[in-house]
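Notes to accompany the following structure.
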Amino acid sequence: VMGCAQTGTGKTAAFCIPMLDYMAKKESTSRKVIRGLILTPTRELAIQIGENLEAYSKHLPINYTVIFGGVSQHKQVEIIQKGVDILVATPGRLLDLIAQGYIKLYDVDFFVLDEADRMLDMGFINDVQKILRIIPEQRQNLFFSATMAPEILSLAGRILLDPVRVEVTPVSSTAEKIQQSVYFVDRTNKQSLLADVLNNHSAEQVLIFGKMKHACDRIAKALNRKGITADSLHGDKSQNARERALGNFKSKEIRCLVATDIAARGIDIEGMELVINFDLPNVPETYVHRIGRTGRAGRSGEAISFCDYEEKAFL
């Protein structure tokens, strides 16, 4: 199956629920083996899929675990050794634990690529191909994403066997209920404009996207100095710091989260009203994913972009 639908429309439920239903009905062996493998590009997304699985499988005799790098493998290995039905993983940690002999994928019935376009680009494709060589040939492949560039579609077509393609809305389209606007502003004035927008907006939670890791730190510090509570989220932070920042944002202990594109995909914060592109992305698909953090599950939302002279081409 190749599934394409706008951000916030329930793609995670679309692959988790049928998989759980199938596993619950089909008798498994007494020993627990990995029957479902879900690959995802970021730790944050892996954790979130785990949270969804927890809710969906609450009354089922099915267990799962989530593995990713950046933290000690000890606890992850301990859970895997007890046996799990579904494994949610980022590719690096998965291959690492396979190489150490802790994970066997001989019984996989379902292979899911979440954010499939990202998983099949240059950053991950080699890892994905290594995993494809390990899992059984007889399996169901399920690829899901909100955006799908033509070259990625053609690559997916070579992995999938005669796939059913399900498209809920045109590929790479934004949700209609998101109100989009742009401010043309000199780079030197972006910080002042950001504070001004936040002070005049009622949104309780605001996700702000920056281009560089150090720039996100700088923006968050500047906001705190102006009395607007903020933290940053990017790949250079430890896993604990990343989880703490996201947790504080979800619980509304801080109003703003300033993030790189690791927060552009899959992160689901219920009722978030406003996304601000402090820096415009140079890839249209990234814009679609970023602003899709608001206007989820049929709600309305707002996306504001700051555009300086050099970013006009991106716009």
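Computed from a predicted model, the values in this text were never measured in an experiment.
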Contact between [X] and [Y] at the side-chain level, heavy atoms closer than 4.5 Å - yes or no?
X      : Y      : answer
Leu194 : Ile228 : no
Arg139 : Leu37  : no
Leu193 : Val197 : yes
Leu246 : Ile47  : no
Asp127 : Leu39  : no
Leu113 : Asn141 : no
Met119 : Pro91  : yes
Leu53  : Thr12  : no

Between the side chains of Arg35 and Asp109, is the shortest nitrogen-to-carboxylate-oxygen separation below 4.0 Å, so that they form an ion pair?
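Salt bridge absent between Asp109 and Arg35.
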
Is any NZ, NE, NH1 or NH2 atom of the basic residue among Arg187 and Asp279 found under 4.0 Å from an Asp or Glu carboxylate oxygen of the other?
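Salt bridge flag = yes for Asp279 with Arg187.
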
Is there a continuous path of hydrophobic side-chain contacts, each under 4.5 Å between heavy atoms, that joins [X] to [Y]?
X      : Y      : result
Leu233 : Ile276 : no
Leu87  : Phe124 : yes
Leu132 : Leu94  : yes
Val108 : Val84  : yes
Ile208 : Leu280 : no

My understanding is that only residues two or more places apart in sequence, or in another chain, count here; which of them pass salt bridge (charged side-chain N to carboxylate O under 4.0 Å, His left out) with Glu204?
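Lys252.
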
My understanding is that only residues two or more places apart in sequence, or in another chain, count here; which of them pass salt bridge (charged side-chain N to carboxylate O under 4.0 Å, His left out) with Asp261?
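Once residues adjacent in sequence are excluded, the partners of Asp261 under the salt bridge (charged side-chain N to carboxylate O under 4.0 Å, His left out) criterion are Arg290.
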
Checking Val206 against Arg255 for the side-chain contact (heavy atoms from CB on, under 4.5 Å) test, could you report, in this order, the C-alpha distance in whole Å, the side-chain angles of both residues, the deciding distance, and whether it holds?
CA-CA 6 Å; Val206 185; Arg255 185 185 178 202; 4.3 Å; yes

Can you see which heavy atom on [X] is nearest to which on [Y], and at what distance?
X      : Y      : result
Arg93  : Gly70  : NH2-N, 4.0 Å
Val66  : Gly50  : CG2-CA, 3.7 Å
Asp308 : Asp186 : CB-C, 4.3 Å
Ile34  : Lys104 : CD1-O, 4.0 Å
Ala230 : Asn224 : O-ND2, 2.9 Å
Ile38  : Phe15  : CD1-CE1, 3.9 Å

Return yes if a side-chain donor-acceptor contact under 3.5 Å exists between [X] and [Y], otherwise no.
X      : Y      : answer
His234 : Asp217 : yes
Glu302 : His201 : yes
Glu44  : Gln48  : no

For the pair [X] (side chain) and [Y] (backbone), establish whether a donor and an acceptor sit closer than 3.5 Å, ignoring hydrogens and angles.
X      : Y      : result
Arg43  : Arg242 : no
Lys213 : Gly235 : no
Ser57  : Leu60  : no
Asn199 : Ala195 : yes
Glu115 : Thr40  : no
Arg118 : Gly123 : no

Once side chain to side chain contact (heavy atoms under 4.5 Å, CB included) is applied, do any residues pair with Val1, and if so which ones, sequence neighbours excluded?
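Partners of Val1 by the side chain to side chain contact (heavy atoms under 4.5 Å, CB included) criterion, ordered by chain and then number, come out as Gln140, Leu142, Val166.
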
Nearest 0.5 Å please: distance from the [atom1] atom of [X] over to the [atom2] atom of [Y].
X      : Y      : atom1 : atom2 : result
Ile219 : Met212 : CD1   : CE    : 11.5 Å
Asp114 : Ile49  : CG    : CD1   : 4.0 Å
Met272 : Leu257 : CE    : CG    : 8.5 Å
Lys130 : Ile98  : NZ    : CD1   : 10.5 Å
Ile79  : Tyr102 : CD1   : OH    : 14.5 Å
Gln179 : Thr294 : CD    : OG1   : 10.5 Å

Could you pull out all residues at least two apart from Phe110 that satisfy ring pair (Phe, Tyr, Trp, His ring centres under 6.0 Å)?
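Here the qualifying residues are Tyr22.
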
With side-chain contact (heavy atoms from CB on, under 4.5 Å) as the test, would you mind laying out the steps for Val275 and Ile178 before giving the verdict?
CA-CA 10 Å; Val275 169; Ile178 302 174; over 6 Å; no

Residue list, side chain to side chain donor-acceptor pair (under 3.5 Å) with Asp96, at least two apart or on another chain:
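Scan of Asp96 (side chain to side chain donor-acceptor pair (under 3.5 Å), adjacent residues dropped) gives Gln100.
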
Has Lys226 got more than 12 heavy atoms of other residues, nucleotides or ligands less than 6.0 Å from its NZ?
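Buried by this count: over 12 neighbours within 6.0 Å.
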
Within 6.0 angstrom of Glu54 CD, more than 12 heavy atoms from elsewhere:
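Counting other residues, nucleotides and ligands, CD of Glu54 stays at 12 neighbours or fewer.
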
Assess whether side-chain contact (heavy atoms from CB on, under 4.5 Å) is satisfied between Leu120 and Ile159, documenting all intermediate values.
CA-CA 10 Å; Leu120 295 174; Ile159 297 170; 3.7 Å; yes

Taking it one step at a time, do Tyr64 and Ile62 satisfy side-chain contact (heavy atoms from CB on, under 4.5 Å)?
CA-CA 7 Å; Tyr64 70 91; Ile62 288 170; 5.9 Å; no

Could you give all pairs that pass the salt bridge (Lys or Arg N to Asp or Glu O under 4.0 Å) test and reach residues 7-23, with sequence neighbours left out?
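Salt bridge (Lys or Arg N to Asp or Glu O under 4.0 Å) check on residues 7-23 returns Asp21-Lys25.
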
Taking the six-membered ring for Trp, are Phe111 and Phe143 parallel (under 30°), tilted (30 to 60°) or perpendicular (over 60°)?
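Ring orientation of Phe111 relative to Phe143: perpendicular.
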
As a test of understanding, state which of Tyr183, Phe184, Tyr287 forms a side chain to side chain contact (heavy atoms under 4.5 Å, CB included) with Ser305.
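Of Tyr183, Phe184, Tyr287, side chain to side chain contact (heavy atoms under 4.5 Å, CB included) with Ser305 is met by Tyr287 alone.
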
